[in-house]
Amino acid sequence: MAKAAKTAITPTRTENYPEWYQQVVRAADLAENSPVRGCMVIKPWGCALWENMQHVLDGMFKATGHKNAYFPLFIPKRFLEKEAEHVEGFAKECAVVTHHRLEAGPDGGLVPAGELEEPLIVRPTSEMIIGDAFSRWIESYRDLPLLINQWANVVRWEMRTRLFLRTSEFLWQEGHTAHATEEEAREHTIRMLNVYADFARDTMAMPVLTGEKTAAERFPGAVKTYCIEGMMQDRKALQAGTSHFLGQNFSKAQDIVYIDENGDRLHAWTTSWGVSTRLIGGLIMTHADDDGLVLPPRLAPVHVVIMPITFKSDEPDKIINYCHKLADDLRVQAFHGRHIEVEIDDRDMRGGEKSWSWVKKGVPVRVEVGPRDMAADSVFVARRDLSPKEKQGIPRSEFIANLTSMLEEIQQGLHDRALSFREENTHTIDSETDFRDFFTSPAGEPTPIHGGFALTHFCGDSELEKKIKDELGVTVRCIPLEGGEPGTCPFTGQPSEQRLVWAKSY
RNA sequence: CGGGCUGUAGCGCAGCUUGGUUAGCGCGCUUGACUGGGGGUCAAGAGGUCGACGGUUCGAAUCCGUCCAGCCCGACCA
């Protein structure tokens, strides 16, 4: 039997990518499906990951002048009715609260009672409830800009859900800002888009493209929607964050007005932007491998796990103490705004099983310490970005001295690997035939090949865009911000201002 | 909201066609032994109102009806 090929996750990515994803989530103990359809239970390891993301992002928002606030979960129905496009975009996926009491029913069960005079909508996003507050908070040009962020949960009644990627309820942050001028609001929209791109690249080690959405993919009610798009390992695109320039659409619908220096009453210009727990899905699909999750050190809840090997020692306590001393020496070190997080795993279970459990959780560095190591004052080290076989004995003092640079190297390596994967699978395509071939996989493929990113000119016709989506399942992911050379649309022969990024997406 | 399928132990399933002692199996869990630096072997043990209600029957997990829940495939989506 070819035992060497055994992987911790079955099936592998090439065998069945969607199933592989589910198994990684389960094996890493990130989350599970809940009894409530479409909702997930985020388990401690997944929650710790989200907390680390929150911590870094929150710092970036504060550094760009934002303050946190919290607004209600419920939105009165009439609020939502104010902005026509916005309503149309979200109406079909809203959860609605119509009663406020339960009473014993005829069959012994509980039945809703006390019908509300006005139904409440569980927020799918908070433009309307925050806009209402803004209309009261803003009176003068001196109140602007108003820069607010909230960490919250939202509900979108999705038909088909997948842990982290699309759930009926998800956690996110939503920034909402109001500005005196159009120019300032537009600049702010781009500023926050870049905050997201920086976070994805520097903290998540996930390279992303930045660009604008076409009208078809725009946020309901927005003038312009910008996004960051990452390439997953099945070459599909994941929209990982969005930033919207809302113009005066919402300020006019909600009466967000200020009095300027000349005493004129003017509508403010607003923006909104958000990232969600979907980032965790992106993290998995960017870095995880056939042995499970792989965490970039800057987000890892645990940087180093130490496993004492005590079974064949006469003095297990000495080994445990040696491990604690090692942990103490590591914990005092700083790594990107945190102390090194060390866990000593002295659970009473078999060594192989224990070791694999940390591989599957994606911990960057695993350390085994047994009697032989202790005698030599060394540690046995494995890195998650290398093969599980490549363990290495290192003198203890050297390991302590070099840990942060090792973590840095892992972080950078993950990013570089993801970036070259994206580059290898991004092609400029100039004919309709090539475009169709690129996005068509052979029949019967267990894991369809999704082509990758196609950089292709386009005349901008929305009907044609929809036709391509219907026929090939391919959409414009973004219009790159950096622009490009004008050319010819391969579908119509019409002129095109620049190449767009096309891909299949989540 | 249209089409298909499934509800039996914590999880995954068999049994149902052709009703019949005490409802089985795998994983997991607990205990013990041998083990042990790649997730091992063996043994013992705990754990189930068979989705709910009603009907047929001497007898229902099994047949019939109603209901409930979930999953998959379509249209929609951070």
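Both backbone and side-chain heavy atoms feed into the values below; hydrogens, waters and symmetry mates do not. A note on names: the letters A, B, ... follow the listed sequences, proteins ahead of strands, and every chain is numbered from 1.
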Report, as yes or no, whether the 6.0 Å neighbourhood of atom CD on A:Glu88 holds more than 12 heavy atoms from other residues, nucleotides or ligands.
no
Given B:G38, B:G37, B:A78, the nucleotide with the shortest approach to the side chain of A:Arg156:
B:A78
Could you tell me how far B:U6 sits from B:U62 if I compare only their P atoms? Round to whole Å.
15 Å
Identity of whatever pairs with B:G7 - Watson-Crick or G-U, under 3.5 angstrom
B:C68
Expressed in angstrom and rounded to an integer, what is the separation of A:Asn153 atom CG from B:A78 atom P?
18 Å
Atom CD of A:Glu174 and atom P of B:A78: how far apart are they, to the nearest Å?
14 Å
Any donor-acceptor pair, under 3.5 Å, between the side chain of A:Arg350 and the base of B:G40, if you only look at N and O atoms?
yes
Would you tell me whether A:Ser126 and A:Gln150 have side-chain atoms, one donor and one acceptor, within less than 3.5 Å of each other?
yes
Between the side chains of A:Thr167 and A:Glu169, is a donor N or O closer than 3.5 angstrom to an acceptor N or O?
no
Which one, B:G37, B:C76, B:G38, comes nearest to the side chain of A:Arg372?
B:G37
Paired with B:A46 by Watson-Crick or G-U wobble geometry, both distances under 3.5 Å: which nucleotide is it?
none
Whole-Å gap separating C1' (B:G37) and NZ (A:Lys391)
6 Å
Length of the line joining A:Tyr226:OH and B:A78:C1', which is rounded to integer Å
19 Å
Among the nucleotides B:G39, B:A78, B:G36, which one has an atom lying closest to any side-chain atom of A:Thr167?
B:A78
Parallel under 30°, tilted from 30 to 60°, perpendicular over 60°: which one fits the rings of A:Trp269 and A:Phe245?
parallel
Watson-Crick or G-U wobble partner for B:U41, using a 3.5 Å limit on both distances?
B:A33
Please report the distance, rounded to the nearest Å, between CZ in A:Arg162 and C1' in B:C72.
14 Å
Atom-pair distance (CZ on A:Arg366; P on B:G38), nearest Å
11 Å
Quick check for you: among B:G37, B:G38, B:G36, whose closest atom lies nearest to any side-chain atom of A:Pro388?
B:G38
Could you state the atom-to-atom distance from CE of A:Met349 to C1' of B:G39 in whole Å?
8 Å
Pairing check on B:C1: which nucleotide meets the Watson-Crick or G-U wobble criteria with it, both distances under 3.5 Å?
B:G74
Write down the partner of B:C63 under the Watson-Crick or G-U wobble criteria, each distance required to be under 3.5 Å.
B:G55
B:G38 P sits how many Å from A:Asp291 CG, rounded?
14 Å
Take A:Gly38 and A:Phe219, find for each the nucleotide of RNA chain B with the closest heavy atom, and name the residue whose nucleotide sits nearer the 5' end.
A:Gly38
Just checking A:Phe219 against A:Phe90, ring centres under 6.0 Å apart?
yes
Side chains of A:Tyr322 and A:Asp373: donor-acceptor distance under 3.5 Å anywhere?
no
The residue, A:Arg26 or A:Leu165, whose nearest nucleotide of RNA chain B is more 5′ is A:Arg26
